[in-house]
Structures are given as C-alpha cells and as structure tokens.
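Single-structure report; data block below.
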Protein chains: 2
Amino acid sequence: MLNNQKDRRRDQILDAFIDLLTEKGYRNTSMLGVARKASASKETLYAWFSNKQGLFEAAIRRNAETVQTLLQKQQISGVSTEVALITFGSALLTLLLGEDSIAINRAAMSEASTDPELARVLMDTGRNATLPYFLNLLEEHQQSGHIKMDDTHLAAEQYLGLLAGDLQIRRLLDVLPEPSKKTIAKRASVATAAFLKLYAQTNNKT
Amino acid sequence: MLNNQKDRRRDQILDAFIDLLTEKGYRNTSMLGVARKASASKETLYAWFSNKQGLFEAAIRRNAETVQTLLQKQQISGVSTEVALITFGSALLTLLLGEDSIAINRAAMSEASTDPELARVLMDTGRNATLPYFLNLLEEHQQSGHIKMDDTHLAAEQYLGLLAGDLQIRRLLDVLPEPSKKTIAKRASVATAAFLKLYAQTNNKT
DNA sequence: GTCAAACCGTACCCATCGGTACGGCACTGG
DNA sequence: CCAGTGCCGTACCGATGGGTACGGTTTGAC
C-alpha cells in the first residue's frame with residue numbers, strides 16, 4: 001500500500017471515529033462500530049492505534065492540526081485591530097463550536113476522571129497552541145498603537161471570555177445548535193467592540 | 001422509618017453517588033458501587049430512583065437547590081454595584097467550579113449525545129434558574145443610576161464571560177485545580193472592574 | 001507471474017454492568 | 001411479644017464491548 005493511500009485510509013478511519021463520537025459519545029462508540037463504518041477490521045485499528053485511547057488521541061491531534069492550519073490562514077496582518085479581532089474571533093468561534101471539536105471535548109471530559117492524558121493532549125494541542133498565537137497578535141497591535149494593555153494575558157482572556165461566553169458549555173450540553181456564520185460574525189463583532197472599549201488607545205492621555 | 005431519617009438516607013445515597021461520579025465519571029460509576037458506598041442495596045436504589053438516570057437526575061436537582069439557596073443568601077441589596085457584583089460573582093464562581101458541579105456537568109455532557117433529558121434538567125435548574133435572578137440584580141442597579149445598559153441580557157452575558165472565561169472548561173477537563181477563595185475573589189474583582197468600565201454611568205453625558 | 005505482507009471479516013474470550021429476584025435480618029406498630 | 005414491612009446483601013441474567021486470534025482475500029514488490 002502506498003503511503004498516500006495509507007494516509008487516506010487513516011483519515012477515513014478517523015472520520016468514522018469522529019462521526020460515531022458525535023453521534024453516540026465516547027463510551028457508546030465501539031471499536032467494532034468504527035471498523036464497520038470505515039470498512040476496516042478491528043485488527044487494523046489495534047495495529048495502527050494500539051487501543052481505543054490511541055485512536056482517540058490520534059483524532060485529537062488531527063483535529064488540532066486542522067484548527068491551527070485554519071486559524072493561521074486568516075488575514076490578520078496589515079488590517080485594523082478591529083478587523084483583525086473580528087476575523088480571528090469568528091474563525092476561532094467557528095472551530096470551537098463546530099461538531100468535531102465539541103464531540104472531542106465532550107469525550108475528553110467524560111474520560112477526564114479516569115484518563116487525564118487525553119485531556120492533557122487536548123489542552124496542549126488546542127488552547128495552549130492557540131493562545132500564544134493570539135497573544136502575539138495582540139502585542140503587535142499594541143505596538144502599532146491602537147490598543148494599550150497592561151497585562152496582555154489578561155486582555156487575551158477577557159477577549160476570549162467576551163467572545164465565547166458560555167456558548168461552548170451550552171454546545172457541550174447539546175442545548176444549543178451550531179451557530180450560523182452570521183450569528184458568529186455578530187458575536188465576534190460585539191465582543192470586539194467591548195474589548196476595544198476596554199483597551200482602545202485614547203488620545204487624551206499621555 | 002421516619003420521614004426525616006428517610007431524607008437523610010436519601011442524602012447519603014446521593015452523596016455516595018456524587019463522590020463516585022467525581023472519582024470515576026458517570027459510566028464507571030456502577031449502581032452496585034453506589035449501593036456499597038452508601039451501605040444500601042441495589043433494590044433500594046431502584047425502588048427510590050427507578051434507574052441510573054433517575055438517580056443522576058435526583059442528584060442534579062439536589063445540587064441545583066443547594067446552589068440556588070447559597071446564591072440567594074448573598075448580601076447584594078443595599079450595597080454598591082461594585083460590591084454586589086463582586087459578591088455575586090465570587091459566590092457563583094465558587095459553585096460553578098466546585099467539585100460537585102463539575103462532576104455533574106461532566107456527566108451530563110458525556111451523556112448528552114444519548115440522553116438529552118439530563119442536560120435539559122441541568123440547564124433548567126441551573127443556568128436558566130440563575131440568570132433571571134442576576135438580570136434582576138443588574139436592572140435594580142441600573143435603576144439606582146450607577147450603571148447604564150442598553151441590553152441587559154447582553155450585559156449579563158458579558159459579565160459572566162469576563163468572570164468565568166474558560167475556567168469551567170479547564171475544570172471540566174481536569175487540567176485546573178479548584179481555585180482558592182483568594183483567587184476567586186481576585187477574579188470577581190477584575191471582572192467587575194472591566195464590567196464597570198463598560199457600563200458605568202458617566203456624568204459628562206446626558 | 002509469484003510470493004509475502006497487509007488487511008478484512010468474524011468468531012471468541014473475559015470482564016463489567018444495568019436491572020431483577022430472593023433469602024434473611026431489623027425495626028416498627030400494635 | 002408478634003406480625004409485617006422495608007431494607008441489606010448477594011446471586012443471577014442478558015447484553016455489550018475491549019482486545020486477540022485466525023482463515024480467506026487483496027495488494028504491492030520484485
């Protein structure tokens with residue numbers, strides 16, 4: 001089997017896993033079910049991913065890569081602070097509230113008491129990989145003089161808090177459908193406005 | 001058995017359930033385990049709570065009552081807006097990030113794909129019961145002229161977003177320990193400061 | 001064309017768990 | 001002191017699922 005084909009096969013298996021994860025949750029997703037859905041054999045699953053946790057971990061890592069790629073593709077250089085924040089916020093919110101991320105987070109939480117490793121991987125490849133990137137964005141815009149922050153880390157957390165609110169929690173509980181592009185854009189816009197009110201550089205101060 | 005004794009027995013069972021939930025998660029908490037821990041019999045569990053979901057639902061409702069009681073006990077009348085927000089915020093954050101609430105939310109999320117009812121009960125008795133109370137608090141303080149909000153609901157969500165950030169998510173993933181009183185007080189204070197910067201009634205405007 | 005490795009499908013083993021049944025003990029109410 | 005009821009502990013049933021083994025088939029390398 002060529003490497004390329006093998007990669008595609010691997011993707012198909014991870015797709016099947018994510019699908020079942022979304023549909024039935026982690027504990028009700030059986031290895032046999034994944035194998036069937038991907039037209040693979042259990043033996044292959046165990047050969048490639050060791051066990052159920054390994055399969056899950058691979059899915060987490062792949063999802064994280066996708067997220068990072070999409071975020072870094074956003075046009076946030078050479079635009080106003082407002083536009084940069086809205087662009088980044090919209091993209092982040094879209095990913096954070098998407099079916100895949102929600103299913104993965106839900107699963108990691110459900111296993112958190114028994115298997116801390118999965119949550120750790122999720123944090124490292126997710127939030128901990130994204131936050132520095134966002135901090136950097138804020139610093140840059142501070143240097144160009146549009147905003148003024150004493151504590152960049154706090155400012156970042158505040159923007160993210162204003163942006164997400166409890167949407168992620170409600171999505172995790174499945175009491176909120178996936179928001180439309182329009183809803184997300186609006187949300188990012190409102191959060192940005194509030195953030196700028198907090199941190200915009202006013203001219204009547206030293 | 002006197003009613004009072006029976007109530008205590010019921011509480012003991014729910015305590016045992018919550019303990020195991022915290023320790024092992026929902027799926028790894030067995031009815032036999034609960035029975036053993038509470039020195040009860042499985043037959044009694046099924047007689048009193050019908051089944052595992054019923055037991056969980058009872059635990060959700062009891063927790064929600066505790067939360068409501070504690071929140072409503074806070075002194076938030078006749079104090080400044082700042083103090084009211086800090087007081088309410090600290091109390092809410094303490095409850096939201098406490099072991100019991102976290103374990104319950106985690107469990108409800110892990111079953112969300114299969115059993116929407118549990119998440120519904122959690123939302124109704126939790127957020128949906130608390131939010132109106134908080135909205136009312138904000139409205140009162142607006143009427144006394146210290147803050148000015150166009151959209152109270154938005155303002156409320158913004159305060160809660162600033163307050164909680166992603167702490168709840170991180171607690172659910174078990175990558176963050178339960179914060180100390182001091183940490184929580186600080187957090188409520190910072191969130192309140194930001195909120196007041198957004199909504200404080202300034203005197204130089206009509 | 002041939003051979004070996006990889007993979008599919010399935011059967012199997014073992015453990016766990018939700019839910020039910022039942023025998024025995026303790027406590028209550030008269 | 002005695003009947004009756006509620007509860008404890010445990011044994012049991014059926015189903016499910018993680019992980020392994022294996023025969024049959026496809027696929028890729030030479």
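The sequence lines fix the lettering, A, B, ..., with proteins before strands; numbering per chain opens at 1.
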(request) Report yes if a donor N or O on one partner sits less than 3.5 Å from an acceptor N or O on the other, where the partners are the side chain of B:Lys42 and the base of C:dG19; otherwise report no. (result) yes
(message) Distance to the ring centre below 6.0 angstrom and angle to the axis at most 45 degrees; does that hold for B:Lys37 and B:Phe17?
(response) no
(request) Taking the side chain as every heavy atom from C-beta outward, state whether A:Gln74 and A:Phe88 have any pair of such atoms under 4.5 Å apart. (result) no
Can you figure out which of [options] approaches the side chain of [X] most closely?
| X | options | result |
| --- | --- | --- |
| A:Met31 | D:dG18, C:dC8, C:dG19 | D:dG18 |
| A:Ser41 | C:dC7, C:dG18, C:dG9 | C:dG9 |
| A:Ser39 | C:dG9, D:dG18, C:dG18 | C:dG9 |
| B:Tyr46 | C:dG18, D:dC8, D:dG19 | C:dG18 |
| B:Asn51 | D:dT10, C:dG19, C:dC8 | C:dG19 |
| B:Arg36 | C:dG18, D:dT10, D:dG19 | D:dT10 |
| B:Ala40 | C:dC7, D:dT20, D:dC8 | D:dC8 |

Atom [atom1] of [X] and atom [atom2] of [N]: how far apart are they, to the nearest Å?
| X | N | atom1 | atom2 | result |
| --- | --- | --- | --- | --- |
| B:Lys24 | C:dT16 | NZ | C1' | 11 Å |
| B:Asn28 | C:dG18 | CG | P | 10 Å |
| A:Lys37 | C:dC8 | NZ | P | 17 Å |
| B:Leu45 | C:dA21 | CG | C1' | 15 Å |
| A:Gln53 | D:dG17 | CD | C1' | 14 Å |
| B:Arg10 | D:dG6 | CZ | C1' | 17 Å |
| B:Arg9 | C:dC27 | CZ | P | 13 Å |
| A:Phe17 | D:dG17 | CZ | P | 14 Å |

(request) Return the 5'-most residue of the pair A:Arg27, A:Glu43 with respect to DNA chain D, ranking by each residue's nearest nucleotide. (result) A:Arg27
(request) Scan B:Ser50 against the nucleic acid and name what it touches under 4.0 Å (heavy atoms): base, sugar-phosphate only, or nothing. (result) nothing
(message) Using the salt bridge (charged side-chain N to carboxylate O under 4.0 Å, His left out) definition, which of the options A:Asp100, A:Asp7, A:Asp11 pairs with A:Arg62?
(response) A:Asp11
(message) I want to confirm an ordering. Mapping A:Ala38 and B:Thr29 to their closest nucleotides on DNA chain C, which one lands closer to the 5' end?
(response) A:Ala38
(request) Taking only the side-chain nitrogens and oxygens of A:Trp48, find out if one of them lies under 4.0 Å from OP1 or OP2 of C:dC7. (result) yes
(request) If the plane angle is over 60° it's perpendicular, under 30° parallel, otherwise tilted; pick one for B:Tyr159 and B:Phe195. (result) perpendicular
(message) Pair B:Gln168, B:Arg171 - check side chain to side chain donor-acceptor pair (under 3.5 Å), show working.
(response) CA-CA 5 Å; B:Gln168 206 180 353; B:Arg171 284 285 293 142; over 6 Å; no
